[in-house]
Colleague: 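This structure is in structure tokens; I'll ask about it shortly.
The basis for the numbers below is simple: all heavy atoms, side chains too, and nothing from hydrogens, waters or symmetry mates. Start at 1 and go down the list; that is how both ligands and their atoms are numbered. Position 1 is the first residue of the sequence, and the numbers go up from there.
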Amino acid sequence: MAATSFPISPAPAAYPGLPLPDIYARVSRHVPAIEWPALAEDVAAILELKKTRNAVILAHNYQAPEIFHTVADIVGDSLALAREAVTVDADVIVLAGVHFMAETAKLLNPGKTVLIPDMRAGCSLADSITAADVRGLREKYPGVPIVTYVNTSAAVKAESDLCCTSGNAVDVVRSLNAPRVLMIPDEFLAQNVQALVPEVEILTWAGHCEVHEQFTPADIHAVRESYPGVTVIAHPECPPDVVAESDFSGSTAMMMNFVTEKRPRQVVLVTECSMGDNIAAANPDIEFIKPCNLCPHMKRMSLKNIRHALETLTHEVTVEPELADRARLAVERMLAVRPR
Ligand code: 13P
Ligand code: SF4
């Protein structure tokens, strides 16, 4: 039997004319042929529903290949999703990611319907701090600007001076021209930024990403021993001793750009597992080595629940208007910071 003759299903009868075999080709390295007919049914329905609902799907780089490479209109890191959310021309935005990302999209699009397919898609960083905690910090450190990672609730953003993402944290801190800055709630991101901006004293909070905090320098040593010459790229939510052992560190989009530009033969992405899968789908010549970890929150998204979200217009993400106005200001101030 020819190894390449996959039993690709034709477009389901209700959705004729869709290029489903071409779509399957994008994910064939990650989706077994036997599973495709069931997924194709959902892909076809979603593509049709996007037209009838005038909807777009924004998907984070950690989404599984069958979402990232088939139904997503805009993919990227948190910064790109926030930037693109401002330009979206649609009535409905479906956020395939986690809740804080959907909230940010809603802040920037108060007149649009923003949906998240599963309301339980949270984030350990967002859960690590409350608005009352931020007010407490403001009292304890009067006059010190508060930079809040976007991985937080709108209520926390509303108490902050401005936001940052892992893609612009250094530029945001430098833009303040302040001797001391509070960078919350990701302790490791703050410590990694501190190493790059020694002229500013960065105070932080003890929040961690449950996915990235698990990596250790021993993981990196083990992989370097097994794969001499391997390129190691770590997300800045990793502990600083892990970042120190890596060849490059940056946001998920920066990691992707680094890999596709430098084209290392073997690479370890010290981050969520779908990153490697999504790059590998379009770059079969690059070998992605483990370790990687799954984010259980990101993995709550599926083609099934994206389809359901579009069919039923659930679950709508809303932010109370007065709070939204204050939180939006923090996000807009971040978007106005120019890279140096
Ligand atoms: P990025 O902004 O780098 O995409 O990261 C978001 C995130 O949640 C990483 O864990
Ligand atoms: Fe939050 Fe970590 Fe998951 Fe990113 S990977 S959404 S920071 S828990």
Side-chain angles (χ1 to χ4, degrees), residues 58-64 67-68 72 74-85 95-105 108 116-129 147-153 156-157 163-172 183-193 204-215 233-239 242-243 246 248-259 269-279 291-301 317 331 334-335 337 339:
L58 270 56
H60 185 260
N61 289 332
Y62 290 163
Q63 290 305 296
I67 296 171
F68 187 94
I74 295 167
V75 294
D77 62 2
S78 309
L79 183 58
L81 294 183
R83 284 220 173 99
E84 295 292 336
L95 205 304
V98 291
H99 190 266
F100 77 80
M101 295 175 176
E103 250 187 4
T104 304
L108 297 169
I116 187 153
D118 188 328
M119 273 290 187
R120 296 169 299 173
C123 170
S124 64
L125 281 167
D127 289 344
S128 73
I129 192 160
V147 176
T148 293
Y149 197 29
V150 283
N151 297 38
T152 46
S153 66
V156 164
K157 290 182 176 77
C163 290
C164 75
T165 73
S166 58
N168 63 9
V170 168
D171 291 327
V172 166
M183 178 176 263
I184 54 171
D186 188 342
E187 182 177 32
F188 295 150
L189 176 70
Q191 290 170 345
N192 287 321
V193 171
T204 187
W205 186 255
H208 298 146
C209 161
E210 69 190 75
V211 176
H212 291 92
E213 72 176 348
Q214 293 176 39
F215 295 111
I233 306 179
H235 194 276
E237 289 169 8
C238 292
V242 170
V243 170
S246 66
F248 177 75
S249 177
S251 76
T252 56
M254 291 158 88
M255 294 170 110
M256 278 188 168
N257 291 343
F258 185 93
V259 173
L269 296 179
V270 188
T271 190
E272 218 276 347
C273 299
S274 287
M275 278 280 294
D277 294 344
N278 286 331
I279 309 176
C292 62
N293 288 329
L294 289 171
C295 172
H297 312 290
M298 290 281 181
K299 292 285 122 51
R300 286 198 180 275
M301 301 295 119
V317 174
V331 176
M334 168 186 84
L335 293 176
V337 171

Colleague: Starting at CE of Met301, measure out to OH of Tyr62 and round the result to the nearest 0.5 Å.
Modeller: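 It comes to 15.5 Å.
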
Colleague: Between Cys209, Ser128, Cys123, Ser124, which one has a non-hydrogen atom sitting closest to atom 1 (Fe) of ligand 2?
Modeller: Cys123

Colleague: I need the contact type for His60 against ligand 1. Using non-hydrogen atoms and a strict under-4.0 Å cut-off, is it side chain, backbone, both or neither?
Modeller: side chain

Colleague: Identify, by atom number and element, the atoms of ligand 2 in contact range of Tyr62, meaning under 4.0 Å from any of its heavy atoms.
Modeller: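 Atoms satisfying the 4.0 Å criterion: 5 (S).
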
Colleague: Does Leu189 reach the side chain of Thr204, with side-chain heavy atoms less than 4.5 Å apart?
Modeller: no

Colleague: Using modelled atom types only, decide if a donor and an acceptor are shared between the side chain of Ser274 and the backbone of Asp277 within a distance under 3.5 Å.
Modeller: no

Colleague: Begin from the C-alpha positions of Phe188 and His208 and carry the test ring pair (Phe, Tyr, Trp, His ring centres under 6.0 Å) through to its verdict.
Modeller: CA-CA 7 Å; Phe188 295 150; His208 298 146; 4.3 Å; yes

Colleague: What atoms of ligand 2 come closer than 4.0 angstrom to any heavy atom of Asn151?
Modeller: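 Heavy-atom distances to Asn151 below 4.0 Å select 7 (S).
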
Colleague: Any idea which atoms of ligand 1 are less than 4.0 Å away from a heavy-atom of Asp77?
Modeller: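 What qualifies from ligand 1 is 1 (P), 2 (O), 4 (O).
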
Colleague: How close does the nearest protein non-hydrogen atom get to atom 3 (Fe) of ligand 2, and which residue and atom is it?
Modeller: Cys295 SG, 2.4 Å

Colleague: Within the structure, does Thr252 bring an N/O atom to less than 3.5 angstrom of an N/O atom in ligand 1?
Modeller: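 N/O-N/O distance under 3.5 Å: yes.
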
Colleague: Ser251 heavy atoms, cut-off 4.0 Å: which ligand 1 atoms fall inside?
Modeller: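 Selected atoms, number and element: 3 (O).
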
Colleague: Run down the list His297, His235, Glu237 and name the one with the heavy atom closest to atom 10 (O) of ligand 1.
Modeller: Glu237

Colleague: Return yes when the gap between the SG atoms of Cys273 and Cys292 is under 2.5 Å; return no otherwise.
Modeller: yes

Colleague: Is His212 in contact with ligand 1, taking contact as a heavy-atom separation below 4.0 Å?
Modeller: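 Yes.
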
Colleague: With respect to Thr165, determine whether any N or O atom, backbone or side chain, lies less than 3.5 Å from an N or O atom of ligand 1.
Modeller: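 No, since none of the N or O atoms of Thr165 sits under 3.5 Å from an N or O of ligand 1.
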
Colleague: With backbone taken as N, CA, C and O and side chain as the heavy atoms from C-beta onward, which portion of Glu272 lies under 4.0 Å from ligand 1: side chain, backbone, both, or neither?
Modeller: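 For Glu272, no heavy atom sits under 4.0 Å from ligand 1.
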
Colleague: For the backbone of Glu210 and the side chain of Ser124, can you confirm whether one donor and one acceptor N or O come within less than 3.5 Å of each other?
Modeller: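 Pair found, side chain donor or acceptor close to backbone of Glu210.
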
Colleague: For ligand 1, find out whether one of its N or O atoms is nearer than 3.5 Å to an N or O atom of Ser78.
Modeller: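 Yes, there is a polar N/O contact under 3.5 Å.
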
Colleague: Between Asn151 and ligand 1, find which residue part has any heavy-atom pair under 4.0 Å and reply side chain, backbone, both or neither.
Modeller: side chain

Colleague: Does any N or O in the side chain of Lys157 come within less than 3.5 Å of the main-chain N or O of Val150, such that one atom is a donor and the other an acceptor?
Modeller: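 Judged by distance alone, yes, a pair lies under 3.5 Å.
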
Colleague: Please could you name the atoms of ligand 2 that Leu125 approaches to less than 4.0 Å, counting only its heavy atoms?
Modeller: 7 (S)

Colleague: Answer whether the closest heavy-atom distance between the side chains of Asn151 and Glu237 falls below 4.5 Å.
Modeller: yes

Colleague: Counting only N and O atoms by type, is there a donor-acceptor contact under 3.5 Å from the side chain of Asn192 to the main-chain atoms of Pro236?
Modeller: yes

Colleague: Against heavy atoms of Glu237, which atoms of ligand 2 measure under 4.0 Å?
Modeller: 2 (Fe), 7 (S)

Colleague: Side chains of Ser249 and His235: donor-acceptor distance under 3.5 Å anywhere?
Modeller: no

Colleague: Check ligand 1 against Ser166 and write out every atom of the ligand that is under 4.0 Å from a heavy-atom position of the residue.
Modeller: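 Reading through ligand 1 atom by atom, the close ones are 1 (P), 2 (O), 3 (O).
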
Colleague: Side chains of Asp77 and Thr252 only: does a donor on one sit below 3.5 Å from an acceptor on the other?
Modeller: no

